[in-house]
Protein chains: 2
Amino acid sequence: MIPAELPKRTALTFDEIMSTTTSPDTQFRAARWQGDHAGYLELIDQTLLPTTFKIIECRTVEEVWEAIKKLRVRGAPAIGIAAAYGVCLGLQTVPADAEEDDTDFFARLKEVAEYLATSRPTAVNLFWALDRMQRKAESLRGSTSLLDLKEQLLTEAKTIESEDQAMCEAMGQAGAELMPAGGGILTHCNTGGLATAAYGTALSVIYFAHKNGKGIQVFADETRPLLQGARLTMWELQQWKIPSTLICDSMAAQVMKEGKIQAVITGADRIAANGDSANKIGTYGLAVLAKAHNIPFYIAAPSSTFDLSLASGDQIPIEERASEEITCGYGKQTAPDDVQVYNPAFDVTPAELIQAIICEHGVIDPVTTDNIAKVLGK
Amino acid sequence: MIPAELPKRTALTFDEIMSTTTSPDTQFRAARWQGDHAGYLELIDQTLLPTTFKIIECRTVEEVWEAIKKLRVRGAPAIGIAAAYGVCLGLQTVPADAEEDDTDFFARLKEVAEYLATSRPTAVNLFWALDRMQRKAESLRGSTSLLDLKEQLLTEAKTIESEDQAMCEAMGQAGAELMPAGGGILTHCNTGGLATAAYGTALSVIYFAHKNGKGIQVFADETRPLLQGARLTMWELQQWKIPSTLICDSMAAQVMKEGKIQAVITGADRIAANGDSANKIGTYGLAVLAKAHNIPFYIAAPSSTFDLSLASGDQIPIEERASEEITCGYGKQTAPDDVQVYNPAFDVTPAELIQAIICEHGVIDPVTTDNIAKVLGK
């Protein structure tokens, strides 16, 4: 369904990429399997973005482990997908001839899954994908050949990928309806295809609004301290040829005041039962500014983001990250030695500031505890 | 009145500076003259901050020109002061013996003033200071010796400096009264002693609130894109030993929500007759966020900042600056090639969001056209 038009296996500048991509549907893939169960995994080396587009080939589980560890692939869904394919790669070392005994196969499966789990120990999707691959193998144990097991595990990994893509597309299409025709849309951080199977969450809404002919203009916050907006979101928007403008986070209020923004949309990392939403630091401020300018503020996030065990956002802990992210972010020290720094990774936007939450099951509007439970079917 | 305790003429690390500065009154000077009319000008090389503190000696007008051009000295008042001393340096090449004819002296004065005016062609204070020095010389022409003229011009430059310091102190003391005892104060950009004769504008308020025992805590926005908050404000706060914390601009809302901020104070670049105030980009957003959190928002700026010919802030043009400030700011490219960027240098905060404006004549509260005219004596 998505043309694979991006050139592969070479390091290209952005200009070279653009000169070889012509379709407005051009879509990159954070992770893509090539071939049958004896094939290999292609990953975009995201550490080289935004200046160099390079696809790396992982032909061993060790290479996948390294890619996750070094953030060459990042974003919870994309990590899960890469890990699932990593299991397939790890099993390639086990011969799949006609021998009856599957002991070596399942020993290797356990070894590979445990190994991959150490690549990014805080990534929940990583464990979820590894569990799912192991459960699939166990469900087939004894009932089929090792060759078929390998093929079915590859199919399972592809299913994980395609389910994620379908979820992103469902969110994108549902959210696109809400986007203002001919309007300006502000987004924050990176919530795009690089972090998922394809399209992303909030960025999927933007992608489908554009694809469906809404004629939107996008403004992307650079998103300090780690600049995911500048580095990744702007890259994706360029790939998709969506008219877009980069701003510093501190410019959002001015752009709103100038009448350039008709909607704000972000992703979420965790949503409480009442709709209070934790997301990248800066999101809460954007929601307050949007309200002050009478601009609707939306969140797009899959249903797995909801944590209904939390009654409200007060119960979501705010992670603090290293001060060096702020003081020494990009190859240059930008603050005196030994300054005190406060670096919260997230903030929580109260439900009353959120016009609607878009998930793969539909649009939650208004954002209330009852409505969330209803749309999620809980 | 201010102890000159900072070590001079050597490049020091911040730790070395701190180890040699012990008084809470420790004060640096962006520009300081040493000696009589045959002396020289010392400048802090601000391009080396925040990692290295180095005082450079300017012994020729060419060195002052270069220092202004290369931003070794920056901030409107500090540039004016440096230029005034630059005139004194330029006149050192004219012999001041008993000769009667002052033609060479005034020809050189004109040459030096015109030359210095080319160092930073958009700096209004530069022209103002050069004009003032020339007017002083003209007022004395024919009535005194060339030696006395040199001495009186040095006195005029010192007067420009001391008037600026007195203005900063008046603002600081008036504003300090308004600061919340034991409270958190958020500021943006750099409005400190590095940009003025001493103390600064908004940072002078913070300085005197601290000095007067208010027990404040300061939060400083790093202030993208040029990071004046991280690089300069945090350096000054460290020099003054004021408890302070660096945050990214996008964290201001969260810090407010956590109850850590009881006042926000910034400087201004231009204030209209009704109190609408143009200042560094990000200021308007802070004012909106402050209002949403019921936190008073103050501006500190000298009376010269008011432009009563402008009825409101709508008439203040917003300068756009180069996109590279955002895309290549840290010594590393942080956005794809050829992205569209919006980089407004300023925004305008409407008067109704400003609790009070502090100037050297007192506190303007409430911020209304009538009240501004009254306090300014217009």
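Just so we're on the same page: letters track the sequence lines, and every chain starts at 1.
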Worksheet item: Looking only at atom types and distance, does a side-chain atom of B/Lys257 sit under 3.5 Å from a main-chain N or O of A/Val348, one as donor and one as acceptor?
Response: yes

Given the options [options], which has more heavy-atom pairs under 4.5 Å with chain B than any of the others?
options	answer
A/Ala230, A/Ala253, A/Gly282	A/Ala230
A/Gln254, A/Arg231, A/His188	A/Gln254
A/Pro243, A/Ser250, A/Gly229	A/Ser250
A/Asp347, A/Thr334, A/Ile318	A/Thr334

Discussion item. Quick one, B/Val339 and A/Gln238 - any side-chain contact, counting heavy atoms below 4.5 Å?
Written reply: yes

Discussion item. Are the side chains of A/Tyr342 and B/Val255 in contact, using a 4.5 Å heavy-atom criterion?
Written reply: yes

Quick one: pull up [atom1] in [X] and [atom2] in [Y] and give me the separation to the nearest 0.5 Å.
X	Y	atom1	atom2	value
B/Asp338	A/Met234	CG	CE	10.5 Å
B/Asp249	A/Met251	CG	CE	9.0 Å
B/Glu325	A/Cys248	CD	SG	8.5 Å
A/Thr245	B/Ile326	OG1	CD1	10.5 Å
A/Ile247	B/Ile281	CD1	CD1	8.5 Å
B/Glu222	A/Thr327	CD	OG1	10.0 Å

Worksheet item: In terms of heavy-atom proximity below 4.5 Å to chain A, should B/Ser244 be classed as side chain, backbone, both, or neither?
Response: backbone

Discussion item. Under 4.5 Å from any heavy atom of chain B, what part of A/Thr233 do you find: side chain, backbone, both or neither?
Written reply: neither

Under 3.5 Å donor-acceptor pairs involving side-chain atoms of residues 283-292 of chain B, not counting sequence neighbours:
residue  : atom : partner  : partner atom : Å
B/Thr283 : OG1  : B/Asn279 : ND2          : 2.8
B/Thr283 : OG1  : B/Lys280 : O            : 2.7
B/Tyr284 : OH   : A/His293 : NE2          : 2.6

Item to complete: Among B/Pro344, B/Ala220, B/Ala335, single out the residue with the greatest number of heavy-atom pairs under 4.5 Å to chain A.
Response: B/Ala335

Worksheet item: For B/Thr51 and A/Gln333, does a side-chain donor sit closer than 3.5 Å to a side-chain acceptor?
Response: no

